[in-house]
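I have placed the structure first, in the form of structure tokens, so that the comments after it can refer back to it.
Chain letters run A, B, ... following the sequence lines, proteins first and then strands; every chain starts at 1.
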Protein chains: 2
Amino acid sequence: MHGLTKKAEAPPWAPFEDRRRARDEKRDAVLRMAVQMFLDEGYHRTTLNEVAARLNITKPALYNYFRSKEDILIECYRLGQDMFEANIAAIERESGDGLDKLRRLIRAYAQVMMTDFGMCLVRLDDRELSTEARAGVRKAKRTYDAAFRTAIAQGVADGSIAPRDPKLATLVITGSLNWIGQWYRPDGELSAAALADEFALRLTEGLAARKSRSRNAERGAR
Amino acid sequence: MHGLTKKAEAPPWAPFEDRRRARDEKRDAVLRMAVQMFLDEGYHRTTLNEVAARLNITKPALYNYFRSKEDILIECYRLGQDMFEANIAAIERESGDGLDKLRRLIRAYAQVMMTDFGMCLVRLDDRELSTEARAGVRKAKRTYDAAFRTAIAQGVADGSIAPRDPKLATLVITGSLNWIGQWYRPDGELSAAALADEFALRLTEGLAARKSRSRNAERGAR
DNA sequence: TTCATATATTACCCATTGGTCATAAAATGT
DNA sequence: ACATTTTATGACCAATGGGTAATATATGAA
């Protein structure tokens, strides 16, 4: 019996890993509490003392996980951005005509907008952020807009969407979607999925290109 | 020559009136400056010192015209509300089917949303207000929503709009309109009127009831 | 001129709040 | 048991900004 391997099962990093995980969990708890309070009361009316109190700790303890109040806000934005980006990127990879893609974009975007971190991006004022952080957030927002614009442009090109200015059409659609973050409450009558479907339906019911004989002939001809 | 009426033309109240007008003009100037700064920088990041400085006065001078910072904010909301109410009430008085009325509502609402005081209602956080003031603002907002809902319900009833839930349809439409306040800049390519027309077109192009033979027969039959 | 009123200023108060520091208390490793 | 690191705390600092009081200045009336 070598003294070396008395109980070789548990890897020696386990405690470290445990600790790191416990730390991350606490960090996440701070973030979840903070985002809720930011959304409920507004960023600047939410004090770090209150956030800490609701977590049964005191303010300086927060500084073990975040460097500043703005740092907390930045992380909220980042979590929201990650959700949008993951969903949008997945849809852009899929196949389908422009109209289909647009419908999927609407559904996905609407659903993310009904989550706490998702609505961060439209409910919280990014002017609270430093110039650099704000630039990052705005750049991210522009990429989401671009996804809608290209889907619409593609739809107009492939004949699935009746001709229109993709930029204006995007303003109409994303406005409606962004505003969801202002009124959605999880305790409403309709589920998030049902609402997302409704928005996908209503925001595209006027877009489909008429399947006129001439257009069909045109498409069949090439 | 009576000493009494040496120059009887100018009414004796003129100076008073002049003074009152001058006062009102200054008050309005404060309001216009304040609303711009509130929109530019956000309410709580706009200090009364800065507002005063931009008007070439000092902070305490503002207190000749307003009782508090919140009082200024309340007046901004009120001016915006007045614009919405005047427009909406006028349209509700007009005749036309539900779809027509909805289109006119959209155009009018969009145009007010492109003014400083109009966008107040969606860009500024009414949680800055006292409970009573906030209740007033929210009540006003609900009446605008109600105008859209009734127009849509009327349209569904009179056959000009294809059947749908008026409440959800209103959320879709007013969301798009409210979001205008977040991106509109008066120096854009399109005029406010052109944008309003575009929104009226795009937000209703999918609503019109199909004029199917059976429906026409139905309508003709009663 | 003189008085009254409206309007403006300077200087100040004070409540709030993000953030820091020295230190204590747990938790972890040996 | 002991040493070390992590995590938490109480006390405090400093800046910000809304609001006020005492006072000065301009304006119109008598």
Item to complete: Tell me whether the centres of the aromatic rings in Y109(A) and F148(A) are closer together than 6.0 Å.
Response: yes
Item to complete: Please say which of R138(B), K139(B), R134(B) ends up in a salt bridge (charged side-chain N to carboxylate O under 4.0 Å, His left out) with D126(B).
Response: R138(B)
Discussion item. Please report the distance, rounded to the nearest Å, between CD in E50(B) and P in dT16(D).
Written reply: 11 Å
Fill in: Residues D145(B), K167(B): salt bridge by 4.0 Å N-O rule
no
Worksheet entry | Between P of dT17(C) and NE2 of H44(A), the distance in whole Å | 8 Å
Response to the item:
Here the residues of residues 57-79 of chain B within 4.0 Å heavy-atom distance, strictly under, of DNA chain D are K59(B), P60(B), Y63(B), S68(B), K69(B)
Worksheet item: Is R23(A) near enough to dT7(D) that one of its side-chain N or O atoms lies under 4.0 angstrom from OP1 or OP2?
Response: yes
Practice prompt. With a 4.0 Å heavy-atom cut-off, tell me which residues in residues 25-43 of chain B come close to DNA chain D, sorted by residue number.
Written response: none
Worksheet item: With a 4.0 Å cut-off, would you call R27(B) and E75(B) a salt bridge?
Response: yes
Discussion item. Using whole Å, what does the distance between atom P of nucleotide dA15(C) and atom CG of N49(A) come to?
Written reply: 17 Å
Fill in: Salt-bridge present (D125(A), R45(B); N to O < 4.0 Å)
yes
Worksheet item: Going by atom types only, do R149(B) and T170(B) share a side-chain donor-acceptor pair under 3.5 Å?
Response: no
Worksheet, complete the sentence: From CG of L48(A) across to C1' of dA8(D) the rounded distance in Å is 16 Å
Discussion item. Whole angstroms only, please: what is the CZ-C1' distance between R21(B) and dA6(C)?
Written reply: 17 Å
Fill in: Salt-bridge criterion met for D187(B) and R185(B) (N-O under 4.0 Å)
no
Fill in: Minimum heavy-atom distance A147(A)-L105(A), with the two atoms named
O-CD1, 3.6 Å
